[in-house]
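To start, the structure itself, in structure tokens.
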There are 2 protein chains.
Amino acid sequence: MEDDEWEPPKILLAVDLVILTLRETRLQVLLVKRGIEPYLGAYALPGGFLFDEHEDIEAAARRELSEEAGLADVHLEELGVYGEPGRDPRGRVVSVAYLAIAPSLPEPIAGTDAADACWMSVEDLLSGRVGLAFDHHRIIGDGIERARVKLEHTALATAFCGETFTISDLQQVYEAVWGVRLDPRNFYRKVKGARGFIIPVGSLQRPENGRPARLFKAGPVRVLHPPMARSTSVPPEAQVTREGGVRS
Amino acid sequence: MEDDEWEPPKILLAVDLVILTLRETRLQVLLVKRGIEPYLGAYALPGGFLFDEHEDIEAAARRELSEEAGLADVHLEELGVYGEPGRDPRGRVVSVAYLAIAPSLPEPIAGTDAADACWMSVEDLLSGRVGLAFDHHRIIGDGIERARVKLEHTALATAFCGETFTISDLQQVYEAVWGVRLDPRNFYRKVKGARGFIIPVGSLQRPENGRPARLFKAGPVRVLHPPMARSTSVPPEAQVTREGGVRS
DNA sequence: CGAATAGTGTCTTTAAGACATTATTTC
DNA sequence: GAAATAATGTCTTAAAGACACTATTCG
């Protein structure tokens, strides 16, 4: 413990961002094509090193969020640390991963530096066919799992929506993130039963056809009571691949 | 992004351990008295810097667990990153905090280096009177909150128990970590209803007085179905100080 | 026997899941 | 009117909370 000669090692600290959004009813994650070695040309998560010794880590994450995705004021939370020796050929690089949730944006990216960035469907990514730089595949998997779990117990789903949204919008978030189909009627009842989850604003949204839907905004509550149970009394394994009843 | 002159900064990486255990029906955390500056003489979490450039971060946590607490084979999970600039006067130090859960040990510590270590009651710590080094007070708070949440949905509670335990033992874990009193009969039913949580071993434990209790060991399941709900349909604020019905 | 702890059962309320029905829009 | 989507209601089952009761040990 006490030591005279020994010096602790210094390492490089990076941030990586798992930015999730909903586009055309599918859960998508933002990837950028790397312009430098290592993994030049491969797709990777947006991110980078701390700018200097004094930059706060979350501040660095927000800086990258702005620089690489043109995003501000989105939900951002720490996901974990990825620091396995050898994960980066340049040396010992420890990366702090963040999970960001953004409302659906019209165009692929607004305000990106230049290098091509794209949204990629989570289904395609998790199927294993797409190769990513570093350990980013695992980081994305952890990010999605985090989002899935937090959707159950917190109001995170509203972070996928704009300022106001309909209950159908909210249902699409749950269906896309969980990868299941939900009964609209039971969903409706549950969402409205979770106190403080959503609060109605006066206005309506007129769809192309069908009855106009009431608009809501996010409520003040972070923890849901009762929770939006993904499945009670059924083991989670049976839930993931439960796509039997999906038509169309 | 692309850059020729700029060099990313190098920082010091540390690990800190929130080691929780149950001692005499109270939740306690391990603290060590610092033998070096800064905060010389103050209590702090066990931990330290990475040994060298090639040490894995979780391996460093396990090394400190062994060196400073004499513990091995305990539950260990990443808690988060604490890297605010200025948290350590020696320079930019980023600490990866880990949460460890240990079964109750007979003596304060077995196999500690030398510096005085002690178990401190979480109640005393959270009441705010005890000052700790660095931002360790916040780290402990986050660790306890993590344990509270995970007790609901996972089999983490068994990590507080030895190889075998009675249902009363398990109940004491929940009561200590959550800071509430539970009805033994409902607890019994819920624990046994959570499939794969605990499995009976043949034998009994004879207490000083009263009927002998069946012994169980931890089951294979990590996620509980149904969960051990801390409170359904009641906001969590109202739950913390709900000690009205407690008689001796 | 009484004291103490272990274990089971029962009743009420809440919430989940399945599914029928009504309401309001466009064409 | 039909088609489409929004919103509400009803029934059954599972699980939570409160609490009475039985079981097995010690002295």
Side-chain angles (χ1 to χ4, degrees), chain A residues 25 152-153 164-172 174-175 178 180-195 197-198 200-201 203-216 224-236 238-239 242 244-245 247-248, chain B residues 25 152-153 164-172 174-175 178 180-195 197-198 200-201 203-216 224-236 238-239 242-248:
Chain A
T25 78
E152 292 191 73
H153 308 290
T164 64
F165 49 85
T166 67
I167 291 187
S168 289
D169 294 337
L170 203 58
Q171 183 177 342
Q172 283 185 9
Y174 277 89
E175 291 185 332
W178 285 349
V180 295
R181 295 292 248 149
L182 301 172
D183 183 298
R185 301 158 297 190
N186 291 337
F187 183 83
Y188 207 99
R189 171 165 45 77
K190 268 163 72 164
V191 167
K192 297 197 75 176
R195 280 143 289 191
F197 188 8
I198 57 171
V201 305
S203 48
L204 300 177
Q205 182 183 82
R206 326 202 79 91
E208 296 179 3
N209 45 5
R211 174 176 174 175
R214 276 189 283 180
L215 284 170
F216 296 83
L224 301 183
H225 289 275
M228 301 288 292
R230 187 152 30 147
S231 147
T232 318
S233 84
V234 172
Q239 192 67 9
R242 201 210 236 183
R247 302 165 310 126
S248 164
Chain B
T25 79
E152 292 190 74
H153 308 288
T164 63
F165 48 86
T166 67
I167 291 187
S168 289
D169 294 337
L170 203 57
Q171 182 177 343
Q172 283 185 8
Y174 277 89
E175 291 185 332
W178 285 348
V180 294
R181 294 292 248 151
L182 300 172
D183 183 298
R185 301 159 296 189
N186 291 336
F187 184 83
Y188 206 99
R189 171 166 46 79
K190 269 164 71 163
V191 167
K192 298 197 76 175
R195 278 144 290 191
F197 188 9
I198 57 170
V201 305
S203 48
L204 300 176
Q205 183 184 82
R206 327 203 77 94
E208 296 180 2
N209 46 3
R211 175 177 173 175
R214 276 190 283 179
L215 284 169
F216 296 82
L224 300 183
H225 289 273
M228 301 289 290
R230 189 156 24 150
S231 147
T232 317
S233 82
V234 173
Q239 191 66 12
R242 200 212 235 183
E243 316 224 328
V246 182
R247 303 165 308 129
S248 171

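So that the names make sense, note that chain A is the first sequence line, chain B the second, and so on, each numbered from 1.
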Return the orientation label for the A:H153 and B:H153 ring planes: parallel under 30°, perpendicular over 60°, tilted otherwise.
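Ring orientation of A:H153 relative to B:H153: tilted.
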Take atom [atom1] of [X] and atom [atom2] of [N], then tell me their distance rounded to the nearest Å.
| X | N | atom1 | atom2 | result |
| --- | --- | --- | --- | --- |
| A:R211 | D:dA6 | CZ | C1' | 5 Å |
| A:F187 | D:dG9 | CZ | P | 19 Å |
| A:I167 | D:dA7 | CD1 | P | 6 Å |
| B:E152 | D:dA16 | CD | C1' | 13 Å |
| B:R206 | C:dA6 | CZ | C1' | 12 Å |
| B:Q172 | C:dT5 | CD | P | 11 Å |
| B:L182 | D:dC19 | CG | C1' | 15 Å |
| A:F165 | D:dA6 | CZ | P | 14 Å |

Can you find a donor-acceptor pair, distance only, under 3.5 Å between B:R189 side chain and D:dG17 base?
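Answer yes: a donor N or O sits under 3.5 Å from an acceptor.
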Does any donor-acceptor pair link the side chain of A:R185 with the base of C:dA20 at a separation under 3.5 Å?
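Result: at least one qualifying N/O pair found.
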Measuring from the side chain of [X] (C-beta onward, heavy atoms only), which nucleotide among [options] has the closest atom?
| X | options | answer |
| --- | --- | --- |
| B:N186 | D:dG17, C:dC19, D:dT25 | D:dG17 |
| A:K190 | C:dG17, D:dA23, D:dA4 | C:dG17 |
| B:S168 | C:dT8, C:dT25, C:dA6 | C:dA6 |
| A:R214 | C:dG7, D:dT8, D:dA6 | D:dT8 |

Please figure out whether A:G210 or B:D183 has its closest DNA chain D nucleotide nearer the 5' end.
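Residue closer to the 5' terminus by nearest nucleotide: A:G210.
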Hey, which of these two, A:P184 or A:P207, hits DNA chain D nearer its 5' end, going by closest nucleotide?
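That would be A:P207.
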Looking at side-chain heavy atoms only, is the closest gap between [X] and [Y] below 4.5 Å?
| X | Y | answer |
| --- | --- | --- |
| B:D183 | B:Y188 | no |
| A:F197 | A:V191 | yes |
| B:L215 | B:L204 | no |
| B:E175 | B:F187 | no |

Can you check whether A:Y188 has a side-chain N or O nearer than 4.0 Å to OP1 or OP2 of D:dT8?
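The answer is yes; a side-chain N or O of A:Y188 sits under 4.0 Å from OP1 or OP2.
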So, OP1 or OP2 of D:dT8: does either fall under 4.0 Å of a side-chain N or O from A:K192?
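For A:K192, the contact criterion (side-chain N or O under 4.0 Å from OP1 or OP2 of D:dT8) is met.
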If you find the nucleotide of DNA chain C closest to B:F216 and the one closest to B:N209, which residue's nucleotide is nearer the 5' end?
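Result of the comparison: B:N209.
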